[in-house]
Amino acid sequence: MEVFNNKTDSFAKILCGRTLAYQQQLQISIDVQEHIAKGHSAPCLAVILVGDNPASSVYVAAKQKACAKVGIISNVLRFSQNVSQDELILEILRLNKDFYINGVLIQLPLPQGLDSNSLLEALDPKKDVDGLTPYNLGRLVSNRQNFVPCTPLGCMDLINSIFPDVSGKKAVIFGRSLLIGRPMALLLEQANATVTIVHSMSKDIKEFSKAADIAVAAIGRPGFITADYIKPGAVVIDVGITRVEGKLLGDVHDSVRGVAGWLTPVPGGVGPMTITKLLHNTVKAAQLIFS
Ligand code: NAP
């Protein structure tokens with residue numbers, strides 16, 4: 001399946017997340033229709049949005065739009081930034097019991113003072129479509145995947161569109177967050193790649209990254225990864241999104257286009273795949289009730 005477009009002005013081919021996301025969303029729409037045709041209600045996602053972080057509002061609006069496109073119902077539950085931890089836990093417990101809600105997403109980051117870990121611990125793992133509860137992360141660690149975090153899952157599909165088999169490939173992950181870096185490393189390692197994670201305390205990062213056939217950048221530092229970090233011909237996945245003067249910037253510097261074999265753009269790379277995997281996990285949660 002070809003998911004990249006040639007660009008004549010640079011060496012790296014653009015690995016287009018929008019194209020792959022579009023293809024996968026067509027299949028998800030069909031899955032939703034089939035689910036409804038069996039007499040079930042449309043899959044339903046509840047999103048908990050706390051405070052008025054403008055980036056979070058934009059991401060939630062994009063998720064709602066994507067849900068509508070494939071036939072998933074989405075309900076956004078908005079809370080002021082003064083909401084208490086206990087109120088949010090009560091809401092999560094209510095959603096856990098609501099038969100018509102198949103997936104619950106807690107939009108991160110939360111305002112200061114709220115503890116996302118204890119909220120995630122309250123969430124029913126069967127509705128954890130973001131794959132971030134301790135149960136689902138534990139399943140991932142033990143290679144018995146249930147719900148996998150959406151961004152690494154989407155990155156894996158992008159990587160597999162170039163290397164259907166990553167066995168024996170060297171991969172470097174920039175960043176070790178629970179949301180991206182760690183699950184990404186597990187997915188690649190379980191697919192038999194040899195994985196190195198680098199983080200803010202790592203020394204001599206280029207020594208590792210210049211040997212990698214696959215590089216995943218998830219540090220949130222615009223343009224940090226320059227051409228001298230990257231092996232010629234490598235597949236480079238730019239997860240980073242930072243808004244600078246109204247523009248969205250990735251972690252990968254423009255100079256990497258002259259070295260990499262394939263590179264995901266920002267925007268239009270990982271972002272659409274993250275949303276698509278949220279849709280995928282929501283439909284899966286709805287289907288699992290009846291399997
Ligand atoms: P995070 O929790 O802040 O983690 C950042 C990681 O980068 C940490 O592990 C940190 O190391 C590491 N790091 C920071 N500076 C570094 C440096 N100079 N060299 C090496 N490692 C460094 O961020 P996150 O939630 O993982 O998100 C990362 C980026 O992805 C952000 O830009 C975010 O907006 C973006 N994102 C994109 C999507 C998408 O769909 N495209 C989805 C979610 C997030 P330490 O652990 O040592 O601090």
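Quantities reported herein were computed from a predicted structural model and do not represent experimental measurements. These values consider heavy atoms only, across backbone and side chains, with no hydrogens, waters or symmetry-generated copies. Order of appearance sets the numbers: ligands from 1, and atoms from 1 within every ligand.
Distances from atom 36 (N) of ligand 1 to the protein include at least one heavy-atom value under 4.0 Å.
Closest heavy-atom approach to atom 46 (O) of ligand 1 within the set M201, M273, K277, R176: this belongs to R176. Heavy-atom proximity to atom 13 (N) of ligand 1, evaluated over T151, V198, L248, I219, is greatest for I219.
Taking the six-membered ring where the residue is Trp, the centroids of F174 and F224 are separated by 6.0 Å or more. Aromatic pair H40/F290: ring centres closer than 6.0 Å.
Among protein heavy atoms, the minimum distance from atom 43 (C) of ligand 1 is reached at I180 CD1, 3.7 Å. In this structure, the protein non-hydrogen atom closest to atom 18 (N) of ligand 1 is R221 NH1, 3.1 Å. Protein heavy atom in closest approach to atom 1 (P) of ligand 1: S177 CB, 4.2 Å. Atom 25 (O) of ligand 1 has its closest protein heavy atom at L179 CD2, 3.7 Å. Among protein heavy atoms, atom 48 (O) of ligand 1 sits closest to S200 OG, 3.5 Å. The protein atom (non-hydrogen) at minimum distance from atom 21 (N) of ligand 1 is H199 C, 3.1 Å. If you check which protein heavy atom lies closest to atom 31 (C) of ligand 1, you get G220 CA, 3.7 Å.
Contacts between F174 and ligand 1, counted as non-hydrogen atom pairs separated by less than 4.0 Å, are absent for every part of the residue. Of all the heavy atoms of I241, the ones lying under 4.0 Å from any atom of ligand 1 are found in both the backbone and the side chain.
Taking 4.5 Å as the limit, every side-chain heavy atom of N281 sits out of range of all side-chain heavy atoms of D130. Residues P149 and L140 have side chains in contact (heavy-atom distance under 4.5 Å, counting atoms from C-beta outward). In this structure the side chain of I92 reaches within 4.5 angstrom of the side chain of I106, judged on heavy atoms.
Listed for the D204 side chain is no donor-acceptor partner under 3.5 Å among the backbone atoms of E207.
Of the N and O atoms on the side chains of T226 and S255, not one donor lies less than 3.5 Å from an acceptor on the other residue.
Stacking of K210 on the aromatic ring of Y229 is not recorded, the 6.0 Å distance cut-off and the 45° axial limit not both being met.
Close N/O approach between V239 and ligand 1 is found [any backbone or side-chain N/O within under 3.5 Å]. When only interatomic distances are considered, the shortest N/O to N/O separation between T274 and ligand 1 falls below 3.5 Å.
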